[in-house]
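To start, the structure under review is shown below, and the notes come after it.
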Amino acid sequence: MDYSQFLAMKQEISLLVLFLLVFLSDTFASNRGCKTIGGLTCVLFGLFTLWGFCPVVIGSDTVTAFEGMYETSPAIVAIKNILNVGVLIVLIQSLKWTASENQVIRRGEFYELLLLTLFGMYLMMSGRHFLVFVIGLECASLPLAAMVAFNKHRYESHEAAAKYILTAVFSSAVLLMGLSFVYGLTGSLYYGHIADSMFSASTSNIVMLVVALAFVISGLGFKLSLVPFHLWTADVYQGAPTSVTSYLSVISKGSAAFAFLVILWQVFGQVYSEAWEWMLYALIILTITIGNLFAIRQQNLKRFLAFSSISQAGYIMLGIIGDNAMGEAALMFYILVYIFSNLAAFGVIGAIENNCGKVSMTDYNGLYKTNPRLAVTMMLAMFSLAGIPPFAGFFSKFFIFTSAINQGSVAIYVLVLIALINTIISLYYYLLVVKAMFIKEEDEFTVAPFRSALTERIGMWVCVAGILGLGLVSWFYDSLLSVVGF
Amino acid sequence: MDITILYYLVPSLIMFCCGVYGFITRRNMIAMLISLELMLNAVDINFVVFNRFLYPENMEGMFFTLFAIAIAAAETALAIAIIINVFRSAKNISVSDLSKMKH
C-alpha cells in the first residue's frame, strides 16, 4: 500500500491530531488545567483554521486517494475553510456557557464531540465512495445527538435529544435502503462507477431508479431539514443548548448541503431531467413556503430561527439546481453568509439566555433602550437573513437566484418567482423582531441592561464584520468563483 | 425449486415496511428502536443479496453490510443512553409524553 496517499488528507489528519491533543489534555490535566481547556481548544482551532488557508493545503488541482474513495480539490478545501471559520465562532461563543456551573465538570467533552462531528463532515464532503460517505454522515450526526443532550439538568434537552436520535436513525435507515437499491442497479458504490453505469441503467430501470433516488433524497432531506422531513427541527433547536443549536443550524446544515450537491450531480447527474428535477422543485417550493409560514407565528426565538433556517435551506437548495460553476460558488457563498448572519443572531440570543434565561420574543420588547449594542447586532443579523441590500444576505440570495435562472427553462422562472415572493414574506417576520426591539415600549419582562462576556462580544464583532464585509467587498465571491473549477 | 433473488428481496422489503409501520405507530421509545433495527437489518439483507446474486465478482456489498452493522450498533447504544436519560427525568418513555415543547 502506498502510504503517501495519506498526505492528500492534510486537513482531516491535522483535525484528528487536534482532537487527540484536546482529548489528552482533558483527560490528564489537573483540575486547574481543566479550566483552560476551552481557551486551549479555541487557540488550537484558530491555528488549524489558518493552516487551512496555506497554499500547501489548498493545492492546485483535484487529488484523489485510496483508489478514488477520497477526493480533495481547491473547492473542497474552500468549503472546509468556510465551515472552520463558522466552527471557530461557535467555539468562541460557547466559552462562557461551558464555563457555567452546570457544565464545568464535563466541559472538555463538548469540544471533543464537536471536533469529532466536524471530522465526520469532512469525510462526508470529501468521500467519493458511499461507504466513506455513510461513515462520515454517522460520525457527524451521532456525536451531535450527545451534544443536544448536553444540558443534563434541563428536561427539554433530553426530549430534544430523543427526538433527534430517533429521526436521525430513521433517516439513515431510509438513506441506506436507497443506497442498497442503487447498488443493486449499478453494482458499485464508487460515485464515478455509479455515474458510468447509470447511463445504461437509465433507460431500462427508470422506475427502480426513481424509487432509489426518492429514498436517497429523503434520507438526506432529513439532515438538511427540508419539508416534509422537517418535523424534528423546531423541537430540537428549541430544546438543545444554544451553542449546540447554532452549530446544528449552520455547520451541520452547510456540510450536508455541500455533500448533497456533490452526490446529486456527480452520481445522479446523468438522470437529472428524467428522475429528480421535479422532485427537487417540489421540495424547494414546499421547504421555502412552509418554513416561512410557520416562522410567522413563533414566539420563542430559538423556534423562530429553526423555521427560518428551514426556509433558508430551501434557498440553499436553489444553488444545487443551478448546475454550473456559478451555482456551486453561489451555494458556498450562501453558506458563508448564512454562517455569519445566523451566528450573530444566535450570539445575541445565547448572551441574553446565559445572562437571564429569556428567549421569548416579548422579552425583547424595547431591547434597544436597555441593551442598544445587542439590539443593533440582532437587527443586522435579521436584515442579512432577510436579504436587505447593503448587507451580505442580499448578495448571497442574488447570486443563488442568478445561478438558478441561468438554466433558462420556464419551470425555473416560476420556481425563482415563488422563491422571490417568499423572500418578501420572510421580510415580515424578520422585521417583527426588529420592531419588537426598536419600536415597542419596554415593560417589566424586558431584558435588563447587562454587560456580556468578552468572548461573546468577540464572537458577535466577528459576525458583524462578516455581515458588513461580505456585503461590501466583492473579493470573497470572486475568489470562490475562481476556486470552483468544473 | 430454485431459490431466486426475489425470495430474499421480498421478505427484506416486508421487514423494512414493518419497521416503518412500527416506527410510526408505536408509542414506546424502546419499541420504536426495535422497529428501527428491523429497517436497518432489512438494508443489510438487501446489500448481501445484491452482492451474492448480481455482482459476485467483488465483495463491496458484504463489506458495506459489516460497516452498517457496526454503525447500527453504535446508533442503538447512543439511543438507549438518551432514552435512559429521558426516563430518569420524566419517569416515562412514551413519546406521547414528549410534548413539553409546543410554542
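None of the values given here were measured: they were computed from a predicted structure. Naming convention: chains lettered A, B, ... in sequence-line order (proteins, then strands); numbering from 1 in each chain.
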Hey, which of [options] has the most heavy atom pairs under 4.5 Å with chain B?
| options | result |
| --- | --- |
| Val169(A), Val174(A), Ile135(A) | Val169(A) |
| Leu131(A), Ile165(A), Val134(A) | Leu131(A) |
| Ala173(A), Ser180(A), Ala168(A), Ser172(A) | Ser180(A) |

Below 4.5 Å, heavy atoms only, C-beta onward: do Asn46(B) and Phe181(A) meet side chain to side chain? yes
Using heavy-atom distances under 4.5 Å, tell me whether Ala74(B) contacts chain A through its side chain, its backbone, both, or neither. both
Given a strict heavy-atom distance threshold of 4.5 Å, which part of Asp44(B) is in contact with chain A: side chain, backbone, both, or neither?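 Neither part; nothing is under 4.5 Å.
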So which atom in [X] and which in [Y] form the shortest heavy-atom distance, rounded to 0.1 Å?
| X | Y | answer |
| --- | --- | --- |
| Ser89(B) | His158(A) | OG-CD2, 3.6 Å |
| Ala90(B) | Tyr155(A) | CB-CE1, 3.6 Å |
| Val86(B) | Ala162(A) | CG2-CB, 4.0 Å |
| Phe47(B) | Leu179(A) | CZ-C, 3.8 Å |
| Leu54(B) | Gly184(A) | CD1-O, 3.6 Å |

Just verifying a value: how many Å separate [X] [atom1] and [Y] [atom2], rounded to the nearest 0.5 Å?
| X | Y | atom1 | atom2 | answer |
| --- | --- | --- | --- | --- |
| Met177(A) | Met39(B) | CE | CE | 8.5 Å |
| Glu60(B) | His129(A) | CD | NE2 | 4.0 Å |
| Phe16(B) | Leu176(A) | CZ | CG | 9.0 Å |
| Phe170(A) | Leu40(B) | CZ | CG | 10.5 Å |
| Thr167(A) | Phe23(B) | OG1 | CZ | 6.5 Å |

By a 4.5 Å heavy-atom criterion (distance strictly below it), what part of [X] contacts chain B: side chain, backbone, both, or neither?
| X | result |
| --- | --- |
| Glu138(A) | side chain |
| Ser188(A) | both |
| Phe294(A) | neither |

Quick check on [X]: does its [atom1] atom have over 12 non-hydrogen neighbours (other residues, nucleotides or ligands) under 6.0 Å away?
| X | atom1 | answer |
| --- | --- | --- |
| Phe23(A) | CZ | no |
| Arg27(B) | CZ | yes |
| Glu57(B) | CD | yes |

Counting the benzene-type ring for Trp, do Phe64(B) and Phe130(A) have ring centres under 6.0 Å apart?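 When the ring centroids of Phe64(B) and Phe130(A) are compared, they turn out to be at least 6.0 Å apart.
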Between Asn51(B) and Tyr183(A), is the side chain to side chain contact (heavy atoms under 4.5 Å, CB included) condition met? List the steps. CA-CA 8 Å; Asn51(B) 192 345; Tyr183(A) 178 66; 3.5 Å; yes
